[in-house]
There are 2 protein chains.
Amino acid sequence: MSKHVKEMGILKEHLGKHQLKFTRQRELILDAFLKQEHITAEEMYHQLARKDPHLGLATIYRTLNLFCEAGLAQARHFGTQTQYDNVSHKGHHDHLICTGCGKIVEFENCDIERLQEEVATRNGFTIQTHRLELYGLCSRCRH
Amino acid sequence: MSKHVKEMGILKEHLGKHQLKFTRQRELILDAFLKQEHITAEEMYHQLARKDPHLGLATIYRTLNLFCEAGLAQARHFGTQTQYDNVSHKGHHDHLICTGCGKIVEFENCDIERLQEEVATRNGFTIQTHRLELYGLCSRCRH
DNA sequence: CTTGAAATTGATAAACCGTATCAAAAAGAA
DNA sequence: TTCTTTTTGATACGGTTTATCAATTTCAAG
(Lines give C-alpha, C1' and ligand atoms only; values in the text may rest on other atoms or scores of the structure.)
Protein backbone atom coordinates (compact mmCIF):
# COMPACT_ATOMS: atom_id res chain seq x y z
CA MET A 1 0.00 0.00 0.00
CA SER A 2 1.23 3.44 -0.87
CA LYS A 3 2.56 5.88 1.66
CA HIS A 4 2.06 8.79 -0.73
CA VAL A 5 -1.55 9.46 0.16
CA LYS A 6 -1.51 13.18 -0.53
CA GLU A 7 0.10 12.95 -3.96
CA MET A 8 -2.07 10.00 -4.90
CA GLY A 9 -5.03 12.21 -4.06
CA ILE A 10 -3.73 15.02 -6.27
CA LEU A 11 -3.31 12.57 -9.12
CA LYS A 12 -6.80 11.11 -8.68
CA GLU A 13 -8.33 14.54 -8.61
CA HIS A 14 -6.54 15.45 -11.84
CA LEU A 15 -7.64 12.18 -13.44
CA GLY A 16 -11.23 12.78 -12.39
CA LYS A 17 -11.29 16.29 -13.80
CA HIS A 18 -10.03 15.11 -17.18
CA GLN A 19 -11.93 11.83 -17.63
CA LEU A 20 -8.77 9.84 -17.23
CA LYS A 21 -8.48 6.51 -15.48
CA PHE A 22 -6.57 5.28 -12.49
CA THR A 23 -4.42 2.36 -13.56
CA ARG A 24 -2.03 -0.07 -11.97
CA GLN A 25 0.82 1.43 -14.05
CA ARG A 26 0.08 4.98 -12.98
CA GLU A 27 0.05 3.99 -9.34
CA LEU A 28 3.28 2.03 -9.73
CA ILE A 29 5.06 4.85 -11.52
CA LEU A 30 3.87 7.49 -9.07
CA ASP A 31 5.12 5.45 -6.12
CA ALA A 32 8.52 5.03 -7.71
CA PHE A 33 8.66 8.65 -8.79
CA LEU A 34 7.91 10.05 -5.35
CA LYS A 35 10.82 8.19 -3.84
CA GLN A 36 13.25 10.27 -5.90
CA GLU A 37 14.16 13.88 -6.06
CA HIS A 38 14.48 13.74 -9.84
CA ILE A 39 14.75 11.04 -12.46
CA THR A 40 14.86 10.46 -16.21
CA ALA A 41 12.38 8.27 -18.05
CA GLU A 42 15.15 5.87 -18.99
CA GLU A 43 16.30 5.51 -15.40
CA MET A 44 12.80 4.80 -14.23
CA TYR A 45 12.34 2.27 -17.01
CA HIS A 46 15.29 0.23 -15.79
CA GLN A 47 14.36 0.70 -12.17
CA LEU A 48 10.85 -0.64 -12.67
CA ALA A 49 11.87 -3.43 -15.03
CA ARG A 50 12.24 -5.75 -12.05
CA LYS A 51 8.80 -5.02 -10.62
CA ASP A 52 7.04 -5.18 -13.97
CA PRO A 53 9.13 -6.41 -16.91
CA HIS A 54 6.36 -5.60 -19.36
CA LEU A 55 6.02 -1.94 -18.47
CA GLY A 56 6.72 -0.03 -21.67
CA LEU A 57 9.01 2.96 -22.07
CA ALA A 58 6.25 4.90 -23.81
CA THR A 59 4.03 4.47 -20.77
CA ILE A 60 6.75 5.90 -18.55
CA TYR A 61 7.07 8.95 -20.75
CA ARG A 62 3.31 9.41 -20.99
CA THR A 63 2.88 9.06 -17.26
CA LEU A 64 5.68 11.41 -16.30
CA ASN A 65 4.22 14.01 -18.63
CA LEU A 66 0.86 13.41 -17.00
CA PHE A 67 2.45 14.12 -13.62
CA CYS A 68 3.70 17.42 -15.00
CA GLU A 69 0.18 18.35 -16.04
CA ALA A 70 -1.09 17.39 -12.60
CA GLY A 71 1.55 19.60 -11.00
CA LEU A 72 3.36 16.73 -9.31
CA ALA A 73 6.42 16.86 -11.54
CA GLN A 74 8.37 19.43 -13.43
CA ALA A 75 10.37 18.69 -16.57
CA ARG A 76 13.84 20.10 -16.93
CA HIS A 77 15.91 19.64 -20.06
CA PHE A 78 19.55 19.05 -19.39
CA GLY A 79 22.05 17.84 -21.94
CA THR A 80 20.20 15.57 -24.34
CA GLN A 81 17.82 14.20 -21.73
CA THR A 82 14.80 15.35 -19.77
CA GLN A 83 14.87 15.28 -15.99
CA TYR A 84 11.57 15.02 -14.17
CA ASP A 85 11.76 16.80 -10.81
CA ASN A 86 9.67 15.74 -7.86
CA VAL A 87 7.88 18.96 -6.96
CA SER A 88 6.57 17.77 -3.59
CA HIS A 89 9.98 16.58 -2.52
CA LYS A 90 11.38 19.99 -2.30
CA GLY A 91 11.41 22.78 -0.04
CA HIS A 92 11.75 23.80 -3.64
CA HIS A 93 15.41 23.83 -4.42
CA ASP A 94 17.03 25.53 -7.38
CA HIS A 95 20.12 24.73 -9.39
CA LEU A 96 23.60 26.04 -9.96
CA ILE A 97 24.89 24.44 -13.14
CA CYS A 98 28.52 24.44 -14.22
CA THR A 99 28.81 25.02 -17.94
CA GLY A 100 32.30 23.58 -17.88
CA CYS A 101 31.87 20.16 -16.32
CA GLY A 102 28.10 19.86 -15.94
CA LYS A 103 28.21 19.71 -12.16
CA ILE A 104 24.90 20.59 -10.50
CA VAL A 105 24.67 22.14 -7.05
CA GLU A 106 21.27 22.44 -5.42
CA PHE A 107 20.41 25.39 -3.24
CA GLU A 108 17.51 27.02 -1.51
CA ASN A 109 17.10 30.70 -0.76
CA CYS A 110 14.12 32.11 1.10
CA ASP A 111 14.95 35.71 0.29
CA ILE A 112 14.84 35.01 -3.43
CA GLU A 113 11.55 33.17 -3.00
CA ARG A 114 10.09 36.10 -1.13
CA LEU A 115 11.15 38.54 -3.85
CA GLN A 116 9.62 36.26 -6.46
CA GLU A 117 6.33 36.45 -4.59
CA GLU A 118 6.61 40.22 -4.57
CA VAL A 119 7.19 40.40 -8.30
CA ALA A 120 4.28 38.06 -8.93
CA THR A 121 1.91 39.98 -6.69
CA ARG A 122 2.89 43.26 -8.31
CA ASN A 123 1.89 41.74 -11.65
CA GLY A 124 -1.33 40.18 -10.39
CA PHE A 125 0.01 36.63 -10.51
CA THR A 126 -0.34 33.80 -8.02
CA ILE A 127 2.74 31.57 -8.22
CA GLN A 128 2.22 27.84 -8.48
CA THR A 129 5.80 26.84 -9.09
CA HIS A 130 9.03 28.28 -10.40
CA ARG A 131 12.31 27.41 -11.99
CA LEU A 132 15.60 29.11 -11.29
CA GLU A 133 18.83 27.99 -12.86
CA LEU A 134 22.15 29.78 -12.54
CA TYR A 135 24.70 28.91 -15.21
CA GLY A 136 28.37 29.54 -14.74
CA LEU A 137 31.76 28.08 -13.96
CA CYS A 138 32.54 26.24 -10.75
CA SER A 139 35.79 27.02 -8.94
CA ARG A 140 37.59 24.13 -10.60
CA CYS A 141 36.54 24.99 -14.17
CA ARG A 142 37.30 28.68 -13.86
CA HIS A 143 41.02 27.97 -14.18
CA MET B 1 32.08 45.89 -42.76
CA SER B 2 31.11 44.60 -39.36
CA LYS B 3 30.13 46.84 -36.47
CA HIS B 4 31.00 44.12 -33.95
CA VAL B 5 34.68 44.92 -33.78
CA LYS B 6 35.22 43.78 -30.21
CA GLU B 7 33.56 40.41 -30.59
CA MET B 8 35.19 39.83 -33.94
CA GLY B 9 38.50 40.40 -32.17
CA ILE B 10 37.64 37.86 -29.49
CA LEU B 11 36.77 35.33 -32.16
CA LYS B 12 39.96 35.95 -34.12
CA GLU B 13 42.05 35.60 -31.00
CA HIS B 14 40.40 32.30 -30.22
CA LEU B 15 40.91 31.09 -33.78
CA GLY B 16 44.57 32.07 -33.68
CA LYS B 17 45.17 30.24 -30.44
CA HIS B 18 43.69 27.04 -31.77
CA GLN B 19 45.02 26.95 -35.34
CA LEU B 20 41.59 27.58 -36.74
CA LYS B 21 40.77 29.70 -39.74
CA PHE B 22 38.75 32.82 -40.25
CA THR B 23 36.11 32.10 -42.88
CA ARG B 24 33.37 33.96 -44.65
CA GLN B 25 30.78 31.73 -42.94
CA ARG B 26 32.11 32.38 -39.46
CA GLU B 27 32.04 36.11 -40.03
CA LEU B 28 28.53 35.96 -41.46
CA ILE B 29 27.19 33.85 -38.59
CA LEU B 30 28.84 35.97 -35.91
CA ASP B 31 27.34 39.13 -37.36
CA ALA B 32 23.89 37.61 -37.40
CA PHE B 33 24.32 36.11 -33.95
CA LEU B 34 25.33 39.37 -32.29
CA LYS B 35 22.18 41.08 -33.47
CA GLN B 36 20.05 38.81 -31.27
CA GLU B 37 19.69 38.20 -27.59
CA HIS B 38 19.33 34.48 -28.19
CA ILE B 39 18.65 32.21 -31.12
CA THR B 40 18.39 28.56 -32.10
CA ALA B 41 20.46 26.97 -34.85
CA GLU B 42 17.31 26.31 -36.85
CA GLU B 43 16.17 29.93 -36.61
CA MET B 44 19.54 31.16 -37.73
CA TYR B 45 19.55 28.69 -40.60
CA HIS B 46 16.33 30.15 -41.98
CA GLN B 47 17.38 33.69 -41.25
CA LEU B 48 20.62 33.33 -43.20
CA ALA B 49 19.12 31.32 -46.02
CA ARG B 50 18.44 34.55 -47.90
CA LYS B 51 21.98 35.87 -47.59
CA ASP B 52 23.61 32.54 -48.40
CA PRO B 53 21.28 29.77 -49.61
CA HIS B 54 24.09 27.24 -49.56
CA LEU B 55 25.03 27.70 -45.92
CA GLY B 56 24.61 24.31 -44.30
CA LEU B 57 22.84 23.60 -41.03
CA ALA B 58 25.83 21.63 -39.77
CA THR B 59 28.01 24.69 -40.23
CA ILE B 60 25.61 26.74 -38.12
CA TYR B 61 25.76 24.20 -35.31
CA ARG B 62 29.53 23.91 -35.51
CA THR B 63 29.97 27.65 -35.52
CA LEU B 64 27.59 28.33 -32.64
CA ASN B 65 29.43 25.72 -30.59
CA LEU B 66 32.66 27.41 -31.56
CA PHE B 67 31.26 30.68 -30.21
CA CYS B 68 30.54 28.92 -26.93
CA GLU B 69 34.14 27.79 -26.71
CA ALA B 70 35.29 31.31 -27.47
CA GLY B 71 33.07 32.64 -24.69
CA LEU B 72 30.85 34.66 -27.01
CA ALA B 73 27.80 32.43 -26.67
CA GLN B 74 26.20 30.29 -24.03
CA ALA B 75 24.12 27.21 -24.84
CA ARG B 76 20.93 26.61 -22.92
CA HIS B 77 18.47 23.79 -23.35
CA PHE B 78 15.01 25.22 -23.69
CA GLY B 79 12.14 22.89 -24.46
CA THR B 80 13.50 20.34 -26.89
CA GLN B 81 15.86 22.80 -28.52
CA THR B 82 19.13 24.47 -27.70
CA GLN B 83 19.14 28.21 -27.33
CA TYR B 84 22.40 30.05 -27.94
CA ASP B 85 22.51 33.16 -25.76
CA ASN B 86 24.43 36.23 -26.73
CA VAL B 87 26.69 36.67 -23.72
CA SER B 88 27.67 40.26 -24.60
CA HIS B 89 24.03 41.30 -24.51
CA LYS B 90 23.16 42.68 -21.09
CA GLY B 91 19.58 43.60 -20.05
CA HIS B 92 18.65 40.09 -19.00
CA HIS B 93 14.97 39.74 -18.32
CA ASP B 94 13.01 36.95 -16.66
CA HIS B 95 9.52 35.60 -17.21
CA LEU B 96 6.20 35.30 -15.43
CA ILE B 97 4.18 32.64 -17.24
CA CYS B 98 0.45 32.09 -16.77
CA THR B 99 -0.35 28.39 -16.72
CA GLY B 100 -3.96 29.22 -17.53
CA CYS B 101 -3.78 31.30 -20.70
CA GLY B 102 -0.08 31.16 -21.53
CA LYS B 103 0.43 34.88 -21.14
CA ILE B 104 4.07 35.86 -20.60
CA VAL B 105 5.14 38.95 -18.66
CA GLU B 106 8.77 39.99 -18.71
CA PHE B 107 10.39 41.51 -15.67
CA GLU B 108 13.73 42.48 -14.27
CA ASN B 109 14.64 42.58 -10.59
CA CYS B 110 18.01 43.78 -9.37
CA ASP B 111 17.52 42.50 -5.83
CA ILE B 112 16.97 38.97 -7.08
CA GLU B 113 20.03 39.25 -9.32
CA ARG B 114 22.12 40.40 -6.38
CA LEU B 115 20.99 37.46 -4.25
CA GLN B 116 21.79 35.11 -7.10
CA GLU B 117 25.33 36.44 -7.16
CA GLU B 118 25.57 35.87 -3.43
CA VAL B 119 24.44 32.26 -3.73
CA ALA B 120 26.86 31.65 -6.57
CA THR B 121 29.80 33.16 -4.73
CA ARG B 122 29.03 31.15 -1.62
CA ASN B 123 29.28 28.02 -3.77
CA GLY B 124 32.41 29.06 -5.62
CA PHE B 125 30.60 29.73 -8.89
CA THR B 126 30.97 32.61 -11.33
CA ILE B 127 27.63 33.24 -13.03
CA GLN B 128 27.60 33.59 -16.81
CA THR B 129 23.87 33.65 -17.27
CA HIS B 130 20.68 32.56 -15.57
CA ARG B 131 17.13 31.62 -16.16
CA LEU B 132 14.20 32.41 -13.89
CA GLU B 133 10.64 31.49 -14.71
CA LEU B 134 7.68 31.94 -12.40
CA TYR B 135 4.65 29.80 -13.24
CA GLY B 136 1.22 30.67 -11.93
CA LEU B 137 -2.15 32.17 -12.67
CA CYS B 138 -2.66 35.72 -13.86
CA SER B 139 -5.41 37.83 -12.29
CA ARG B 140 -7.86 36.97 -15.06
CA CYS B 141 -7.30 33.20 -14.93
CA ARG B 142 -7.48 32.98 -11.16
CA HIS B 143 -11.28 33.36 -11.29
C1' DC C 1 -21.77 -9.38 -11.56
C1' DT C 2 -22.03 -8.52 -16.48
C1' DT C 3 -21.75 -5.34 -20.27
C1' DG C 4 -19.87 -1.95 -23.28
C1' DA C 5 -18.00 2.57 -24.35
C1' DA C 6 -13.91 5.03 -23.60
C1' DA C 7 -9.28 5.27 -22.10
C1' DT C 8 -4.79 2.97 -21.66
C1' DT C 9 -1.19 0.00 -22.63
C1' DG C 10 2.91 -2.08 -24.95
C1' DA C 11 5.48 -2.65 -29.12
C1' DT C 12 7.44 -0.28 -32.43
C1' DA C 13 7.63 3.08 -36.19
C1' DA C 14 8.47 7.72 -36.90
C1' DA C 15 9.99 12.41 -35.79
C1' DC C 16 13.22 15.33 -34.02
C1' DC C 17 17.64 17.46 -32.87
C1' DG C 18 22.27 17.52 -32.95
C1' DT C 19 26.75 15.16 -34.32
C1' DA C 20 29.85 12.35 -37.32
C1' DT C 21 31.52 11.40 -41.76
C1' DC C 22 33.81 12.49 -45.95
C1' DA C 23 34.91 14.26 -50.52
C1' DA C 24 35.41 18.80 -52.39
C1' DA C 25 36.54 23.59 -51.55
C1' DA C 26 38.80 27.36 -49.20
C1' DA C 27 42.29 29.48 -46.19
C1' DG C 28 46.68 31.07 -45.52
C1' DA C 29 51.77 30.48 -44.93
C1' DA C 30 55.82 29.78 -47.67
C1' DT D 1 51.23 30.12 -57.26
C1' DT D 2 51.86 25.97 -54.41
C1' DC D 3 50.94 22.96 -50.78
C1' DT D 4 49.22 21.56 -46.39
C1' DT D 5 45.65 22.01 -43.18
C1' DT D 6 41.18 23.29 -42.01
C1' DT D 7 36.44 24.02 -43.26
C1' DT D 8 32.40 23.36 -45.67
C1' DG D 9 27.98 21.26 -47.30
C1' DA D 10 25.34 17.18 -47.93
C1' DT D 11 23.74 13.61 -45.67
C1' DA D 12 23.97 9.41 -42.79
C1' DC D 13 23.59 8.33 -38.22
C1' DG D 14 22.47 7.95 -33.07
C1' DG D 15 19.94 8.96 -29.02
C1' DT D 16 15.66 10.74 -27.02
C1' DT D 17 10.85 11.47 -27.15
C1' DT D 18 6.35 11.18 -29.46
C1' DA D 19 2.80 9.04 -32.62
C1' DT D 20 0.37 5.03 -34.08
C1' DC D 21 -2.64 1.25 -33.36
C1' DA D 22 -4.49 -3.26 -32.12
C1' DA D 23 -5.29 -5.51 -27.84
C1' DT D 24 -6.34 -4.86 -23.08
C1' DT D 25 -8.11 -2.58 -19.04
C1' DT D 26 -10.99 0.57 -16.50
C1' DC D 27 -15.27 1.83 -14.64
C1' DA D 28 -19.98 3.42 -14.84
C1' DA D 29 -24.49 1.79 -15.95
C1' DG D 30 -27.66 -1.88 -16.04
Side-chain angles (χ1 to χ4, degrees), chain A residues 8 11-30 32-33 38-70 73-85 99 102, chain B residues 8 11-30 32-33 38-70 73-85:
Chain A
M8 205 62 80
L11 176 61
K12 283 186 178 173
E13 190 182 326
H14 180 85
L15 296 176
K17 275 187 186 165
H18 296 80
Q19 287 137 266
L20 305 176
K21 293 173 177 176
F22 187 74
T23 65
R24 184 180 57 76
Q25 289 89 339
R26 283 172 177 167
E27 182 175 18
L28 184 68
I29 294 170
L30 182 57
F33 175 69
H38 46 72
I39 195 167
T40 64
E42 200 74 35
E43 280 166 6
M44 177 159 286
Y45 180 62
H46 289 117
Q47 203 170 299
L48 289 180
R50 285 168 297 172
K51 287 197 172 182
D52 183 350
H54 295 293
L55 189 57
L57 185 57
T59 301
I60 308 257
Y61 274 105
R62 280 187 295 235
T63 306
L64 288 172
N65 287 333
L66 172 70
F67 293 170
C68 289
E69 280 155 29
Q74 187 173 326
R76 192 163 43 86
H77 300 277
F78 190 77
T80 62
Q81 289 196 130
T82 301
Q83 288 270 349
Y84 291 87
D85 290 2
T99 57
Chain B
M8 206 60 82
L11 175 61
K12 283 186 177 173
E13 189 182 326
H14 179 86
L15 296 176
K17 276 187 185 166
H18 295 80
Q19 288 136 263
L20 303 176
K21 293 174 176 175
F22 186 74
T23 65
R24 183 179 58 77
Q25 289 88 340
R26 284 171 177 168
E27 182 175 17
L28 184 68
I29 294 171
L30 181 59
F33 175 70
H38 48 71
I39 195 167
T40 65
E42 200 74 36
E43 281 166 6
M44 177 159 286
Y45 181 62
H46 289 116
Q47 206 171 297
L48 290 180
R50 283 168 298 172
K51 287 197 172 181
D52 182 352
H54 295 293
L55 189 57
L57 185 56
T59 300
I60 307 260
Y61 274 106
R62 279 187 294 236
T63 306
L64 288 171
N65 287 334
L66 172 70
F67 292 170
C68 288
E69 281 154 30
Q74 160 79 59
R76 266 194 320 175
H77 300 280
F78 191 85
T80 62
Q81 291 196 127
T82 301
Q83 287 271 350
Y84 291 86
D85 290 3

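The sequence lines fix the lettering, A, B, ..., with proteins before strands; numbering per chain opens at 1.
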Residues at least two apart in sequence or cross-chain that pass ring pair (Phe, Tyr, Trp, His ring centres under 6.0 Å) with A/His14, listed by chain then number, are A/His18
Contacts of B/His46 meeting ring pair (Phe, Tyr, Trp, His ring centres under 6.0 Å) (sequence neighbours excluded), chain-then-number -> none
message = Categorize A/Thr82 for me: base, sugar-phosphate, or nothing, with a 4.0 angstrom heavy-atom threshold over every strand shown.
response = sugar-phosphate
Sequence-distant partners of [X], side chain to side chain contact (heavy atoms under 4.5 Å, CB included), two or more places apart:
| X | result |
| --- | --- |
| A/Thr59 | A/Gln25, A/Ile29, A/Leu55, A/Arg62, A/Thr63 |
| B/Asn65 | B/Tyr84 |
| B/Gln47 | B/Gln36, B/Ile39, B/Arg50 |
| B/Thr80 | none |

**Request:** State whether the side chain of A/Arg26 and the backbone N or O of A/Lys21 hold a donor-acceptor pair below 3.5 Å, judged by distance alone.
**Result:** yes
In the 5' to 3' direction, the nucleotides of DNA chain C bounding the stretch that comes under 4.0 Å of a heavy atom in chain A are C/dA6 to C/dT12
Axis-to-axis angle for the helix from C/dC1-D/dG30 to C/dA30-D/dT1, ends of five pairs each, to 10°, equals 30°
The side-chain hydrogen bond (donor to acceptor under 3.5 Å, both in side chains) partners of A/Thr23 (sequence neighbours excluded) come to none
Output yes when at least one side-chain N/O atom of A/Tyr61 is less than 4.0 Å from OP1 or OP2 of D/dT17, else no.
yes
Hits for salt bridge (charged side-chain N to carboxylate O under 4.0 Å, His left out) against B/Glu13, two or more places apart or cross-chain, chain-then-number order -> B/Lys17
For B/Lys51, the salt bridge (charged side-chain N to carboxylate O under 4.0 Å, His left out) test, sequence neighbours excluded, returns none
Between CZ of A/Arg76 and C1' of D/dT17 the distance, given in whole Å, is 17 Å
Between B/Phe22 and B/Ala41, whichever has its closest DNA chain C nucleotide further toward 5' is B/Ala41
Protein heavy-atom contacts under 4.0 Å, written 5' to 3' over nucleotides 2-15 of chain D as B (base), S (sugar-phosphate only) or - (none), form the string ---BSSBBBB----
